[in-house]
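Below is one structure, written out as structure tokens; the observations come after it.
Values reported hereafter were calculated over all heavy atoms of this structure, with side chains retained and with hydrogens, waters and symmetry mates removed.
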Amino acid sequence: MKKCVLVAMVLAFVAESFAQDGRVLVAYFSKGGNTEKVAQEIAAETGGTLARIFAREPYPAEKQANMERAKDEYRLGARPEIECEAADVSGYDVVFIGYPLWCGHAPAPVLTFLEAHDFSGKTVVPFVTYGGSPFARGTEEVRKSAPNAAFGKTIAVRASRVPQCAGKVRSAARNAVDDARK
């Protein structure tokens, strides 16, 4: 019992020290909830501010129609209008950006968010939930959409493993913040 209390106190101290800096943003786009769960773990570990990215025009509930829209947006280079509580990223040093991988690509609302901000002097850490697609392409699109950012190592979580990922995600988030502050 004492060991659990000590671990909880250490985690609370680490999260509080990050939160006092007020410098970690966890922005994410999530349709099915997996990416949101990962974002919550990252925010809990880092004391970061959560900011969900919404497409102003919601995506279809039906999977095939959703994927068709995502493919069309990618093919056309579309940047749909979004809503996000993080209208200004200037107060943050580290920005985690999360998204599900759709047909091997980052969803267009994520790219809209990145292209709307200046990430000069900031570290961007992508985190991706995926099913079967390789995630390298989606990460490359994110890098191109924030050309002035330094990038941390991508945190990738297979969608089927999200319920078991808390330890891995928290460790990766802590390492990403530590690396960014060096």
Pairs flagged by ring pair (Phe, Tyr, Trp, His ring centres under 6.0 Å) wherever [range] is involved - sequence neighbours left out:
| range | answer |
| --- | --- |
| residues 154-175 | none |
| residues 150-182 | none |
| residues 37-63 | Phe29-Tyr59, Tyr59-Trp102 |

Residues forming a salt bridge (charged side-chain N to carboxylate O under 4.0 Å, His left out) with [X], sequence neighbours excluded:
| X | value |
| --- | --- |
| Arg75 | Asp72 |
| Glu115 | Arg79 |
| Asp118 | none |
| Glu62 | none |

Practice problem: Verify side-chain contact (heavy atoms from CB on, under 4.5 Å) between His105 and Glu140, making sure each step is shown before the conclusion. | Solution: CA-CA 9 Å; His105 301 283; Glu140 193 56 37; over 6 Å; no
Exercise. Output every pair passing salt bridge (Lys or Arg N to Asp or Glu O under 4.0 Å) with a member in residues 147-166, not counting sequence neighbours, ordered by first then second residue.
Key: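 Applying salt bridge (Lys or Arg N to Asp or Glu O under 4.0 Å) to every pair that reaches into residues 147-166, excluding sequence neighbours, yields nothing.
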Can you name the residues that form a side-chain contact (heavy atoms from CB on, under 4.5 Å) with [X], not counting sequence neighbours?
| X | answer |
| --- | --- |
| Lys71 | Glu68, Cys103 |
| Glu41 | Ala166, Val169, Arg170 |
| Ala39 | Val26, Tyr28, Leu50, Phe127 |

Practice problem: May I have the step-by-step check of side-chain contact (heavy atoms from CB on, under 4.5 Å) for Val24 and Thr49, ending in yes or no? | Solution: CA-CA 6 Å; Val24 177; Thr49 302; over 6 Å; no
Exercise. Could you walk me through whether Tyr92 and Thr123 pass side-chain contact (heavy atoms from CB on, under 4.5 Å), step by step?
Key: CA-CA 9 Å; Tyr92 300 97; Thr123 299; over 6 Å; no
Quiz item: side-chain contact (heavy atoms from CB on, under 4.5 Å) between Val125 and Val95: does it pass, once the steps are laid out?
Solution: CA-CA 6 Å; Val125 182; Val95 179; over 6 Å; no
Do [X] and [Y] have side chains that approach each other closer than 4.5 Å (heavy atoms only, starting at C-beta)?
| X | Y | result |
| --- | --- | --- |
| Val94 | Arg23 | no |
| Val157 | Tyr130 | no |
| Ser171 | Asn175 | yes |
| Val128 | Pro100 | no |

Quiz item: Looking only at atom types and distance, does a side-chain atom of Ser30 sit under 3.5 Å from a main-chain N or O of Glu36, one as donor and one as acceptor?
Solution: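 Checking the backbone N and O of Glu36 against the side chain of Ser30, a donor-acceptor pair under 3.5 Å is found.
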Quiz item: Can you check whether Ala156's main-chain N or O pairs, donor with acceptor, with Thr154's side chain at less than 3.5 Å?
Solution: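 No; zero donor-acceptor contacts below 3.5 Å.
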Considering all heavy atoms, the nearest [X]-[Y] contact:
| X | Y | value |
| --- | --- | --- |
| Ile53 | Pro109 | CG2-O, 4.0 Å |
| Ala51 | Glu85 | CA-OE1, 3.9 Å |
| Ser120 | Asn148 | OG-CB, 3.3 Å |
| Arg56 | Pro58 | O-CD, 3.3 Å |
| Pro126 | Val142 | CG-CG1, 4.4 Å |
| Glu73 | Pro80 | OE2-CG, 3.9 Å |

Quiz prompt | Spacing of Leu114 atom CG and Glu141 atom CD [to the nearest 0.5 Å] | solution =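 If we round to the nearest 0.5 Å, Leu114:CG and Glu141:CD are 11.0 Å apart.
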